[in-house]
Each structure stands twice: as structure tokens, then as C-alpha cells.
2 protein chains.
Amino acid sequence: MIRLNEISRVFTVGEEDVHALDRVTIDIAPGEYLAIMGPSGSGKSTLLNVIGLLDRPDYGEYYLDNVNTTELDDDRQAFIRRHRIGFVFQFFHLVPRLTATQNVELPLILAGVTPKERKERVKKALASMELTNRSDHRPDQLSGGQRQRVAIARAIIMEPGVILADEPTGNLDRTSGMEVMNILEGLNRKGITLIMVTHDPGLSKRAGRRIQMTDGRVSEDTGLR
Amino acid sequence: MIRLNEISRVFTVGEEDVHALDRVTIDIAPGEYLAIMGPSGSGKSTLLNVIGLLDRPDYGEYYLDNVNTTELDDDRQAFIRRHRIGFVFQFFHLVPRLTATQNVELPLILAGVTPKERKERVKKALASMELTNRSDHRPDQLSGGQRQRVAIARAIIMEPGVILADEPTGNLDRTSGMEVMNILEGLNRKGITLIMVTHDPGLSKRAGRRIQMTDGRVSEDTGLR
Ligand SMILES: Nc1ncnc2c1ncn2[C@@H]1O[C@H](COP(=O)(O)OP(=O)(O)OP(=O)(O)O)[C@@H](O)[C@H]1O
Ligand SMILES: Nc1ncnc2c1ncn2[C@@H]1O[C@H](COP(=O)(O)OP(=O)(O)OP(=O)(O)O)[C@@H](O)[C@H]1O
Ligand SMILES: [Mg+2]
Ligand SMILES: [Mg+2]
């Protein structure tokens with residue numbers, strides 16, 4: 001379902017080249033539950049951005065369901081991204097002027113869901129994240145962990161084929177974190193591919209497969225395959 | 001040194017009042033090492049913002065070194081904040097257009113330190129955070145954990161009397177997180193008051209004293225006193 005072949009991503013700052021991804025080759029089957037770990041700066045977010053069609057590799061190919069995405073133009077990539085991928089960003093990227101409700105509703109509006117059904121689905125999603133009392137708050141009126149939960153609700157509300165989660169419990173206490181993991185793992189059991197970046201070894205052990213990154217390379221790939 | 005008396009902070013959203021802090025009374029002695037824990041939304045960041053003079057309470061008094069800060073105007077509060085308090089924000093608040101070096105240098109410039117001495121001190125601070133190779137990167141050219149370390153370096157470079165750290169290792173792998181804790185605890189051993197919000201029970205056990213927050217109140221206060 002997700003096949004990366006010799007993927008490299010190089011950033012240039014001044015005179016210097018940063019090899020954020022260095023010849024990454026991985027195959028991820030539909031419905032897999034994969035955890036990505038590694039030191040700060042090792043390329044985890046960059047890898048997620050490439051998989052999520054938010055960044056293009058400089059070398060190599062990325063096949064999503066046998067389509068060579070590297071050959072698609074931006075509009076086509078954006079279309080696939082919106083319909084097939086849910087992304088929980090490391091720093092959330094919520095729309096500042098919209099309330100929690102409106103932020104979570106956005107993917108449904110883009111998908112043409114009717115107002116009545118939207119209202120119902122957003123209500124359910126916020127309730128599952130224990131955010132019912134904060135539905136009308138804008139991001140600046142929410143705590144860090146509340147913003148994170150809005151970002152998670154937004155990413156999963158369309159039940160996309162692939163969920164990419166960049167440190168989804170980084171700002172959550174253990175209880176809220178476990179609630180979020182139960183929801184994400186519940187979706188994975190329904191067949192949704194779950195790829196999660198985490199710094200928490202305890203969380204990574206719950207995944208079926210674990211990838212370790214070091215300096216832009218996959219240095220380890222363990223778990224049931 | 002830090003004395004909060006019946007501190008309350010109420011946010012109003014539409015028709016609703018949110019009691020982010022509810023009659024908080026605490027005394028913190030000079031040089032203490034305090035960890036603050038509690039569920040997402042329990043008021044930890046709001047408490048830190050009040051202590052850091054970034055937010056004013058609606059009720060109660062806040063004495064900093066026996067000065068009733070609640071009676072000071074904004075300019076006076078800003079002066080004290082800049083000279084006495086170092087703040088690591090939950091979401092960093094780095095200046096987007098400045099490099100890592102320039103961001104860390106900012107407090108030194110505001111304090112009138114000479115260019116030569118600034119250069120040296122920033123170089124040391126970035127090296128201690130393992131950011132030497134990223135000195136000329138701007139925040140958008142840094143990973144999440146690299147940004148967090150820039151924020152920490154900026155907060156501690158003046159060795160202020162009080163360091164407030166809101167989840168300082170939230171985006172760091174365990175190794176980088178331990179390096180940061182060693183640096184912060186080293187400063188505490190030199191007499192700097194260290195107040196840290198964390199979701200990590202392991203980290204909170206390293207502190208001399210632990211405060212638990214629930215719904216804006218201090219529900220527990222344990223440790224050597
Ligand atoms: N736009 C950019 N320009 C230059 N360098 C970049 C850019 N984005 C990322 N980098 C660099 O690429 C490397 C990988 O970054 P990435 O964000 O993928 O790391 P990460 O594994 O997610 O780290 P963290 O755990 O700290 O979030 C880092 O060393 C970073 O400095
Ligand atoms: N500007 C604001 N307007 C309205 N409500 C707010 C505002 N800022 C915070 N709140 C609310 O006040 C409560 C406390 O927020 P705070 O950011 O202090 O929580 P926290 O303990 O730091 O949470 P987290 O662990 O998620 O970071 C939350 O319920 C939040 O929704
Ligand atoms: Mg990252
Ligand atoms: Mg907070």
C-alpha cells in the first residue's frame with residue numbers, strides 16, 4: 001500500500017546540505033500499525049511529510065496503492081491527500097480563527113457532507129476526545145493538550161485509509177494519552193493503516209512493527225511482518 | 001520568594017466562565033525544584049503564565065520577593081520578567097525570522113551584553129544543547145525537538161533567578177530529554193528556582209516537591225519542605 005524506494009530529501013541552508021532523509025526504503029502493508037522512533041532531528045517528521053504528500057522527495061519513488069505519486073502534479077497530490085490521508089501534525093496546524101467544532105468540521109465540508117450529518121459527526125468526535133465543553137473555543141482559548149485532541153479529531157473524522165500521527169500524545173497526560181491511543185488503535189483494528197511517530201518507548205511497544213531512524217536512515221525495522 | 005495567595009483566573013468564552021485557576025495558594029522558596037502535574041486543561045500553563053508575569057490574576061495577590069506584583073503596571077512587570085524570569089513555553093514562541101543563534105542572543109542584547117561576550121555565550125549555550133550544526137537555521141528549518149532546545153537555551157542563557165519550564169522535554173527523545181534535565185537541574189543546584197510542568201511521572205519524581213492540579217485547584221502538594 002505504501003512503498004518508498006530509495007527516498008532522499010535534502011534541505012539546503014546557506015552553503016550546507018542537510019540530508020533529512022537518506023535512501024529510505026520501506027514497504028508498509030494495508031492495515032499495518034507502525035511506530036517510528038529516533039533521536040530529535042533524525043528525520044521522522046520529514047518522513048511523515050513525504051508519506052503524507054506534504055513534501056516531495058529529491059530522489060527515489062513513493063508508490064501509494066501502486067500509483068507513483070512522485071509523478072503526480074500538486075493538484076492531484078492534494079486530492080489524494082485530502083481523501084486518503086489523515087494527518088496529526090507535531091504542532092497541530094489548527095486554523096486560528098475557527099472554533100474546535102469548525103476545525104474538526106473542515107474535512108467534512110471539503111468532502112461535501114451535509115450540514116445535518118456534519119453536526120452529528122463532529123459532536124461525536126469531540127465527545128470521544130472529551131472536548132464537548134470546549135467546542136466553541138478557538139485554539140488560543142484551549143490548552144496545549146486540548147489543541148492536540150482537536151487536531152486528532154480532525155485527522156480521524158473522515159476515517160481515511162491512512163492515519164499519520166506525529167507524536168499524538170506529546171502534550172497529553174497519561175489518561176488522555178491512553179484514551180487517544182485506544183481510539184487510534186480501534187481505527188487500526190478496522191483496517192486503517194496507522195503510522196505513529198513517538199518518543200515514548202512504551203507507546204512504540206504497542207505497535208505491530210517498529211522503525212528506528214538515525215540521521216535520515218532507517219537503522220532498524222523490527223516487529224511482526 | 002514566590003507567594004501566591006488565593007489566585008483565581010477566569011476566562012470568558014461567550015456566555016461561559018472557565019475557572020482556569022481557582023483560589024490557588026502556594027509558597028515557593030528560593031532555589032526550590034518544583035514539578036507541576038495534572039490532567040490536560042487543569043490550569044498548569046495558566047499558573048506558569050501568572051508566575052511568569054505574562055498573565056494577571058482576576059483575584060488574589062502574587063508576591064515576588066515580597067513585592068506585590070499585582071499592583072505593578074505593565075512596564076514594571078515586563079522589566080521584572082525580563083531580568084528575573086526565564087520561560088520555556090509549551091510551544092516555544094521563537095521569533096520566526098531569526099536564526100537559532102539570534103533567538104538565543106535576544107535576552108543578552110536586551111540586557112546590554114557586548115557583542116563579543118554575546119557571541120561566546122550563545123556559542124556555549126547552543127553547544128550544550130547539541131545545536132552547533134543548526135546555529136544558522138531559522139525555526140522553520142529545525143525539527144520540533146531542535147526548536148524546543150533553542151527555546152530552552154534562550155530561557156537559561158541569562159541564568160535568571162527563576163526558570164519556568166512548560167513541558168520542556170515534550171518533543172525530545174529520552175537522551176536529549178535527559179541532557180536537558182541535567183542542565184536545568186545543574187542550574188537549580190546553583191540556586192536557581194526551577195518550576196517545571198510535566199506529564200512525565202518519571203521526571204516529576206526528580207523534583208524536590210510535586211504539585212498536582214485538578215480543575216484549576218492545587219489538589220496535592222507533596223515532597224521535602
Ligand atoms: N526546512 C528545513 N530546512 C533545513 N533543514 C531542515 C528543514 N526541516 C528539517 N530540517 C532538518 O532536517 C532534520 C530532520 O528534521 P525532522 O523534523 O524530520 O526531525 P524529527 O526526527 O522529526 O525530529 P524531532 O524528534 O525533533 O521532531 C533536522 O536535523 C532538521 O534540522
Ligand atoms: N484564553 C483562554 N480563553 C478561554 N479558556 C482558556 C484560555 N486559555 C486557557 N483556557 C482554558 O483554561 C483551562 C486551563 O488551561 P491551561 O492551558 O492552563 O491547561 P494545562 O493544564 O496547561 O493543559 P495541557 O496539559 O493540555 O497543556 C483549559 O480548560 C482551557 O480550555
Ligand atoms: Mg519531528
Ligand atoms: Mg499547558
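Reminder, nothing fancy here: chain letters follow the sequence lines and each chain counts from 1.
Residue B:Phe92 touches chain A through its side chain alone, counting heavy-atom pairs closer than 4.5 Å. Heavy-atom distances place the side chain of B:Phe91, and not its backbone, under 4.5 Å from chain A. Using a 4.5 Å cut-off between heavy atoms, A:Arg149 touches chain B through its side chain atoms alone. In this structure, the portion of B:Gln141 lying under 4.5 Å from any heavy atom of chain A is its side chain and not its backbone.
For chain A, the option among B:Arg134, B:Met37, B:Lys44 with the highest count of heavy-atom pairs below 4.5 Å is B:Arg134. Among B:Gly144, B:Ser143, B:Ser176, the residue with the largest count of heavy-atom pairs under 4.5 Å with chain A is B:Gly144. Chain B forms the most heavy-atom pairs under 4.5 Å with one residue out of A:Thr175, A:Val18, A:Asp136, and that residue is A:Val18.
Within the model, atoms OG1 of A:Thr169 and NE2 of B:His199 stand 9.5 Å from one another, a figure rounded to the nearest 0.5 Å.
Within a 6.0 Å sphere centred on CZ of A:Phe11, other residues, nucleotides and ligands contribute more than 12 heavy atoms. More than 12 non-hydrogen atoms from other residues, nucleotides or ligands lie less than 6.0 angstrom from CZ of B:Arg56. The environment of CD in A:Glu120 is sparse: at most 12 heavy-atom neighbours from other residues, nucleotides or ligands sit within 6.0 Å.
For the side chain to side chain contact (heavy atoms under 4.5 Å, CB included) with A:Ser40, the lone residue among B:Gln148, B:Glu130, B:Arg147, B:Gln146 that qualifies is B:Gln146.
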